[in-house]
Protein chains: 2
Amino acid sequence: MIMGMDNRPPPQSSAVPTLGAAAAHQPPPGHHLAPGRRGRARSEAEILVVAEEVFATYGLHGATMAKIAERVGIPKANIHYYFSTKEALYLRILKDILEEWLSAATFDLRDSPRAALEAYIRAKLHYSRVRPQASKVWANEILNGAPLIREHLEERLLAWVDTKAAIIQGWIDRGELAPVDPRHLLFSIWATTQHYSDFATQITILLRKEALEAADFEQAAQVLTQMVLGGLVKSPKTLS
Amino acid sequence: MIMGMDNRPPPQSSAVPTLGAAAAHQPPPGHHLAPGRRGRARSEAEILVVAEEVFATYGLHGATMAKIAERVGIPKANIHYYFSTKEALYLRILKDILEEWLSAATFDLRDSPRAALEAYIRAKLHYSRVRPQASKVWANEILNGAPLIREHLEERLLAWVDTKAAIIQGWIDRGELAPVDPRHLLFSIWATTQHYSDFATQITILLRKEALEAADFEQAAQVLTQMVLGGLVKSPKTLS
DNA sequence: GTCTATAAGCGGATAGAC
DNA sequence: GTCTATCCGCTTATAGAC
């Protein structure tokens with residue numbers, strides 16, 4: 001169970017409206033949940049947390065409403081009361097994930113690329129660590145050709161990437177970053193950081209571990225920052 | 001019920017060196033396929049090619065034998081003649097993919113890390129370009145916790161990584177490579193290169209393209225080699 | 001809001017003719 | 001080797017009592 005975790009990455013303390021599935025739909029102020037009862041907000045949040053895990057493990061088609069219901073501890077008909085269809089539940093998870101990720105990139109043109117990119121890499125790695133299931137659901141959807149999230153991707157993510165790519169291009173124009181395609185740089189950061197959630201099973205086996213620990217993520221951060229900063233960012237000393 | 005089920009054909013069982021799905025099972029010399037008929041080798045190869053596409057698009061559970069059969073143009077019962085179960089067909093694809101990838105890393109300790117790593121990055125990118133569906137099937141399986149390929153992973157891939165990591169460590173010991181964890185370096189190369197097949201849908205949308213072209217892969221190669229070589233490999237030249 | 005029961009359809013696998 | 005027909009379990013979604 002992941003309830004009550006802190007999803008915020010270390011560098012920033014961004015007050016983001018959309019939190020993870022676990023924190024979805026804050027109950028209104030003054031609202032209390034009786035110990036034995038669930039209530040709308042709590043049931044919905046519990047379903048989302050469990051569904052995230054089940055979708056990640058079995059995929060959209062392999063996941064069943066019965067399995068989700070069983071793990072939540074309710075009859076499967078109840079899920080249909082909160083989410084009209086299986087796909088609606090699935091889509092809700094995808095959109096939540098995306099908002100969380102977008103909030104991880106706080107950098108703008110005033111920042112130095114060195115500090116900004118390292119913070120972004122570490123923030124994304126942090127999400128891979130604390131919310132790996134969400135990342136897997138996303139990956140599964142994209143892998144299959146984004147049949148359900150495509151439209152949202154073309155609107156929300158595309159616009160976001162345009163603004164961030166412009167910032168990166170600004171750094172290049174200022175001579176603080178090697179002339180690389182900004183979008184491909186973003187892709188590389190996503191690919192490497194999300195790899196530590198999406199391919200965690202493979203990594204765990206190849207590192208002969210039971211599960212990935214903080215130290216493994218720190219090693220990942222070392223390699224990734226060394227690659228990105230060492231390979232692309234011009235050191236402050238050489239600036240003139 | 002899961003492992004050990006390969007092909008059940010009555011007469012000849014095949015312990016053939018695994019090739020790509022497209023090239024699976026070359027007919028023996030002198031063997032001719034009548035234009036209208038298929039023959040064992042051709043049917044099996046056709047099934048594998050189509051199944052790769054269907055598994056990549058729908059996932060293990062979303063893919064159906066009926067859908068594969070329909071695209072091949074045969075009744076679904078015929079597939080069961082060549083592959084005892086759906087899982088056997090799926091596993092065959094996974095093992096084929098892995099062997100192809102492993103063959104892409106030709107480097108050894110005598111090579112320079114610069115030439116070896118660039119060649120490896122470009123070879124992996126090449127596979128992402130020419131065989132993206134295979135990569136997606138693999139990613140899907142790992143994402144879901146490697147329920148079927150786990151054992152194979154623990155044997156075949158783990159041993160392979162050990163030998164390759166030793167070579168990379170050798171470069172570090174010789175002072176030709178920055179002191180990074182060799183396994184995490186491999187993970188980064190896999191993550192970034194496979195991203196261009198696994199997340200091709202997302203990349204295509206964000207680049208406002210219809211499909212990824214050779215030029216996109218070349219740009220990817222530029223960014224990746226600049227990151228890996230510029231950030232980790234010690235050499236006379238660094239930033240250009 | 002929560003539950004039981006069930007409708008309606010799909011999917012993997014097999015039998016057995018040719 | 002290829003095909004048609006079919007069994008049987010599982011899945012989503014709904015109906016309707018409480």
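In what follows, chains are A, B, ... by sequence order, proteins preceding strands, each numbered from 1.
- OP1 or OP2 of dC3(C) has at least one side-chain nitrogen or oxygen of Asn78(A) nearer than 4.0 Å.
- Per the geometry, CG belonging to Leu89(B) stands 14 Å off C1' belonging to dA13(C), to the nearest Å.
- In terms of phosphate contacts, Tyr82(A) brings no side-chain nitrogen or oxygen within less than 4.0 Å of OP1 or OP2 of dG1(C).
- Side-chain proximity of Arg40(A) to the nucleotides dG1(D), dT12(D), dG1(C) is greatest for dG1(C).
- Whole-Å rounding puts the Ile79(A) CD1 to dG1(C) C1' distance at 14 Å.
- The side chain of His80(B) approaches dA13(C) more closely than any other nucleotide in the set dT2(D), dA13(D), dA13(C).
- Residues satisfying the salt bridge (Lys or Arg N to Asp or Glu O under 4.0 Å) criterion with Glu70(A), sequence neighbours excluded, are absent altogether.
- We find that CD of Glu46(B) is positioned 14 Å from C1' of dG1(D), with the value rounded to whole Å.
- Residues passing the salt bridge (Lys or Arg N to Asp or Glu O under 4.0 Å) test with Arg71(A), sequence neighbours excluded: none.
- Partners of Asp216(B) under the salt bridge (Lys or Arg N to Asp or Glu O under 4.0 Å) rule, at least two apart in sequence or in another chain, are Lys209(B).
- Arg122(B) pairs by the salt bridge (Lys or Arg N to Asp or Glu O under 4.0 Å) definition with Glu118(B), Glu218(B), not counting sequence neighbours.
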Exercise for review: Using a 4.0 Å cut-off on protein heavy atoms (strictly under), produce a 5'-to-3' string for nucleotides 5-11 of chain C with B for base contact, S for backbone-only sugar-phosphate contact, and - for none.
Suggested key: ------S
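- Rounded to whole Å, atom C1' of dT4(D) lies 14 Å from atom CD1 of Ile74(B).
- If you measure from atom CD of Glu87(A) to atom C1' of dA13(D), you get 13 Å, rounded to the nearest angstrom.
- The existence of a salt bridge linking Glu52(B) and Arg131(B) is confirmed by a sub-4.0 Å separation between a basic side-chain nitrogen and an acidic carboxylate oxygen.
- For the pair Tyr81(B) OH and dC18(C) C1', the interatomic distance rounds to 15 Å; values are reported in whole Å.
- Each salt bridge (Lys or Arg N to Asp or Glu O under 4.0 Å) pair with one or both residues in residues 144-156 of chain A, not counting sequence neighbours, appears once here: Glu99(A)-Arg156(A), Arg150(A)-Glu154(A).
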